[in-house]
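Chain letters run A, B, ... following the sequence lines, proteins first, then strands; residues in each count from 1. Computed from heavy atoms alone, side chains included, the values below leave out hydrogens, waters and symmetry copies.
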Amino acid sequence: MHTEKYDNLNTLKKTFETISTFDTAIAKNLFGAYLISVGYNKEKKVAYLKFYEPKSKRIFFWYDETGHNPYCLSDLKPDELKQIDNLITHPGFDHFEIVEKYDPLKDKFSKLTKIVTKDPASIGGQGGGRHIRDIIPKAWEANIRYYESYMYDRGLIPCMPYDVKEGKIVKSGYRVSDELLKEINSLFKDEDREFLDYINQWIDLFECPVPDFRRVAVDIEVSSPVRTRVPNPETASEPIVAISLIGSDGFGKNLLLKRDGVKEGNEKLPEGVKVEYYDREDEMLLEVFKTLLDYPIVLTFNGDDFDLPYIYHRAEKIGFPREKIPIEVGRDATLLKYGIHIDLYKFFFNRSMQIYAFSRKYTEVTLDAISRALLGTGKIKIEKPISELTYSELANYCIQDATITLDLTRFSDNLVMRLITVLSRISRLSMEDVTRQGVSGWIKSLMYFEHRKRNWLIPRLEDILEIKGVTSTKAIIEGKKYRGATVVKPSPGVHFNVAVLDFASLYPSIIKRWNLSYETVLCSHKECKDNVIPETPYWVCRKRKGITSLVIGSLRDLRVKWYKLKSKDKNLSSALRNWYDVIQCSLKVILNASYGVFGAEIFAFYCPPVAESTASIGRYLINKTIEEAQKLGIEVVYGDTDSVFLENPSAKQIDELTKWSRESLGMELDVDKTYRYSVFSTRKKNYLGVYPDGSVDIKGLTGKKKNTPNFLQSAFIEMTKTLGEVKTPKDFEDAKEKIKRIVKECYTKMKRGEYKLEDLAFNVTMGKSTEGYIKTTPQHVKAARQLSETGYDIKPGDIISFVKVIGSPGVKPTQLASSQEIDSEKYMNYIESTFEQVLDAIGLDFNEIIGLTRLESFLWGENYTNKQ
DNA sequence: GCGGACTGCTTACCT
DNA sequence: ACAGGTAAGCAGTCCGCG
């Protein structure tokens with residue numbers, strides 16, 4: 001037994017040796033290898049890069065040999081710094097250098113002292129000991145992670161291809177065709193050199209191909225004695241009983257730990273997956289380690305917090321020496337020694353991804369919910385705890401999890417891998433970092449890169465705040481920092497032929513057109529003070545182009561004028577259209593957040609006046625547009641932030657309005673969509689529009705909300721389908737009759753208790769843990785607490801399904817309720833308020849409909865139809 | 001001691 | 001951990017009521 005283990009450990013050791021030989025030997029010369037990760041090696045005290053070489057589909061390491069060192073900046077001279085206690089005697093201190101940098105807040109060049117250190121931890125960080133940034137009075141650029149600083153200084157862009165020649169890194173030979181460059185540049189004839197430079201820089205990143213990333217999905221199962229308790233990865237006290245490894249290259253393995261009393265079972269297992277049984281857990285883990293040392297990219301779902309740390313601690317527990325485990329457990333991520341680890345949970349958890357890239361297709365961030373929404377298949381449902389499954393049941397379950405994890409990166413032509421690639425290129429963050437950070441981190445990193453490229457001093461957060469101050473407007477919502485967008489009161493009723501016009505990418509356009517940036521708003525020049533921003537006390541610089549204005553403006557223009565159009569261009573191959581769609585979608589995610597970050601305290605360039613100016617100009621634009629529309633004799637029936645809804649405008653009127661916008665506002669106002677007709681109640685952000693093809697666009701209405709019970713959602717959808725059939729005002733009368741019947745039927749079925757319990761359930765998300773609700777106890781929390789008592793483990797983000805029942809406390813989890821206790825009174829009120837949002841707009845009265853139902857059931861029976 | 005008016009909390013949505 | 005604006009339902013509180 002011992003010999004066996006020893007042999008296997010030797011195999012592992014050999015694998016390690018192979019890697020360490022090729023990483024130093026072969027990375028001397030590489031051709032077209034993608035830079036996918038970067039880190040800091042504590043032993044060698046240098047930054048290292050991981051390249052993915054697409055032919056061999058392997059990782060190559062490259063350790064810095066340029067002598068780059070960590071540093072921060074000070075406004076004191078070296079002589080002054082020498083006087084400070086503990087600075088030059090600090091063990092990490094290396095030397096001083098004088099540098100000259102442009103200070104964007106002061107609009108002048110300044111001499112600064114670069115304090116160069118032997119290692120990044122001396123400047124700052126989590127670790128104990130005195131940090132240089134705390135020793136000196138004011139430190140600049142002292143909060144940037146060293147390996148990022150390294151990338152910015154060297155101008156290296158992640159997910160781009162490079163050649164390594166005799167140990168030197170050079171940009172790879174691929175080039176965008178002159179033809180394409182010309183075509184795109186011709187769209188920007190009127191722009192100046194500075195703007196065009198940005199455009200061309202982006203084209204270079206976007207046109208560069210994406211390699212096929214060889215990757216493997218990993219999923220483990222742990223046998224837990226208690227069904228409702230999730231095993232703890234730190235103690236790792238229970239054995240790992242199954243591991244699935246599913247590769248993008250056709251590789252597939254399921255490893256099972258042999259245990260007493262477990263039956264074989266008779267599930268049919270997926271083809272192409274090899275099942276291996278292990279007597280010993282250490283041998284099984286060894287097999288996993290081989291895979292982790294083979295694949296350049298490892299995918300998990302929640303592997304940062306569960307699978308990988310569990311494997312690590314379990315391996316340690318059963319006797320593996322730490323340094324032999326190819327996993328590195330960190331504070332906020334679990335990474336790999338050889339390849340890179342992408343935790344898809346973190347990626348899909350990102351709100352911006354959820355909303356803008358996947359248009360809210362999934363609302364619950366679980367492997368099951370996401371894969372159901374995006375792939376059409378979910379996890380395998382199991383009724384028993386893991387410990388009671390047969391081998392084949394367990395294998396099937398585990399294989400399915402790893403398979404859908406891999407498939408989440410494969411569907412729609414590897415959409416997710418390509419999104420990660422593009423976002424990594426834009427944000428200048430490695431694949432590992434870009435998938436773990438939010439939009440504010442991406443934009444921060446991009447801005448840092450641009451500052452270093454221009455030799456600009458990166459401002460300190462407190463300096464921006466001190467110079468630019470806080471806000472001047474008052475928010476409508478209590479507790480918010482400044483006033484946001486305007487929402488126009490809708491004109492209630494039905495409006496035929498509605499054209500919806502909107503400003504393409506409103507806030508980014510404002511940032512570009514008004515030259516907004518943290519350094520240009522409230523700039524230091526007297527001459528600019530009359531260049532005021534409407535309805536604010538702010539002015540904006542005329543002398544220099546703002547960095548944000550250029551960066552965001554160029555991205556906006558490329559999305560609106562090129563990539564969005566080309567993603568729908570039927571003259572292009574579907575593969576190219578698809579790629580352009582990935583780009584425009586990535587841009588959308590970044591652009592949508594570009595204004596908000598300036599109003600977010602956590603953002604490194606937090607500058608409330610920039611956010612406030614953007615919102616203020618937005619209000620000014622929509623108000624002016626409404627005025628102008630009215631001057632042109634068009635009725636504006638609704639508007640929100642960047643859009644106006646025009647009732648039955650002529651083509652000429654639309655032309656005039658968009659021309660006016662272009663010429664006097666300098667803004668592109670386009671027809672976004674047209675409705676055959678639209679239905680408004682008195683409520684803002686609540687309406688329904690019918691497109692020319694009869695499909696129905698529903699916004700904000702209760703009937704569409706995800707927490708609304710199914711029975712009511714279905715009845716509501718049925719009603720909107722009827723509305724979709726209406727072509728002319730005349731058709732309305734028939735539709736109204738149909739709608740009355742739908743509402744009536746829903747009401748009577750409810751009353752007679754004909755709906756199933758699950759269809760009556762409200763589904764509400766837990767915003768926090770059950771104990772987190774202190775001020776009030778909402779209904780879903782009451783239900784959640786009942787579930788907790790029955791042994792369920794309720795976590796934030798879980799969706800609680802509950803029904804309204806008679807008696808106290810009025811709600812019950814659906815799992816624990818029975819049909820007899822349903823409080824039909826409550827449901828009837830809910831039906832009423834849901835339909836009312838549409839009924840009063842189309843001239844129907846809920847009570848009248850219901851009143852007729854009563855009469856009808858008493859006097860005429862089921863076949864009666866009312867002719868009003 | 002009860003009920004209506006009110007405020008505040010919470011979720012889900014829109015742009 | 002991008003922003004603010006809106007709707008809705010319920011929980012909890014206050015106040016009048018001789």
Student: For DNA chain B, which nucleotides open and close the run of contacts to chain A, 5' to 3', at under 4.0 angstrom from a non-hydrogen atom?
Tutor: B/dC9 to B/dT15
Student: Got a second to check how far A/Thr334's OG1 is from A/Glu432's CD, nearest 0.5 Å?
Tutor: 11.0 Å
Student: With nearest nucleotides of DNA chain C determined for A/Ala600 and A/Arg483 from heavy-atom distances, which residue corresponds to the more 5′ nucleotide?
Tutor: A/Ala600
Student: Base, sugar-phosphate, or nothing for A/Lys782, non-hydrogen atoms under 4.0 angstrom?
Tutor: sugar-phosphate
Student: State whether the side chain of A/Thr708 and the backbone N or O of A/Lys704 hold a donor-acceptor pair below 3.5 Å, judged by distance alone.
Tutor: no
Student: Would you say the side-chain atoms of A/Asn592 pair up with the backbone N or O of A/Lys588, donor to acceptor, closer than 3.5 Å?
Tutor: yes
Student: A/Lys346 and side-chain hydrogen bond (donor to acceptor under 3.5 Å, both in side chains): which single residue from A/Thr435, A/Asp304, A/Asp305 fits?
Tutor: A/Asp304
Student: Give one of base, sugar-phosphate or nothing for A/Lys804, where a contact means two heavy atoms less than 4.0 Å apart.
Tutor: sugar-phosphate
Student: Using 30° and 60° as the class boundaries, would you call the ring planes of A/Tyr830 and A/Phe762 parallel, tilted or perpendicular?
Tutor: perpendicular
Student: Would you mind checking if A/Asp502 and A/Lys673 are paired as a salt bridge, meaning a charged N to carboxylate O distance below 4.0 Å?
Tutor: no
Student: Which is the 5'-most and which the 3'-most nucleotide of DNA chain C that has an atom under 4.0 Å from a heavy atom of chain A?
Tutor: C/dA1 to C/dG12
Student: Consider only side-chain N and O atoms of A/Thr814 and A/Glu758, and report whether a donor and an acceptor are under 3.5 Å apart.
Tutor: no
Student: Please list every donor-acceptor pair under 3.5 Å in which a side-chain atom of residues 352-364 of chain A meets a protein atom from a residue at least two apart or in another chain.
Tutor:
{"unit_1": "A/Gln354", "atom_1": "NE2", "unit_2": "A/Phe349", "atom_2": "O", "d": "3.4"}
{"unit_1": "A/Tyr362", "atom_1": "OH", "unit_2": "A/Phe348", "atom_2": "O", "d": "2.5"}

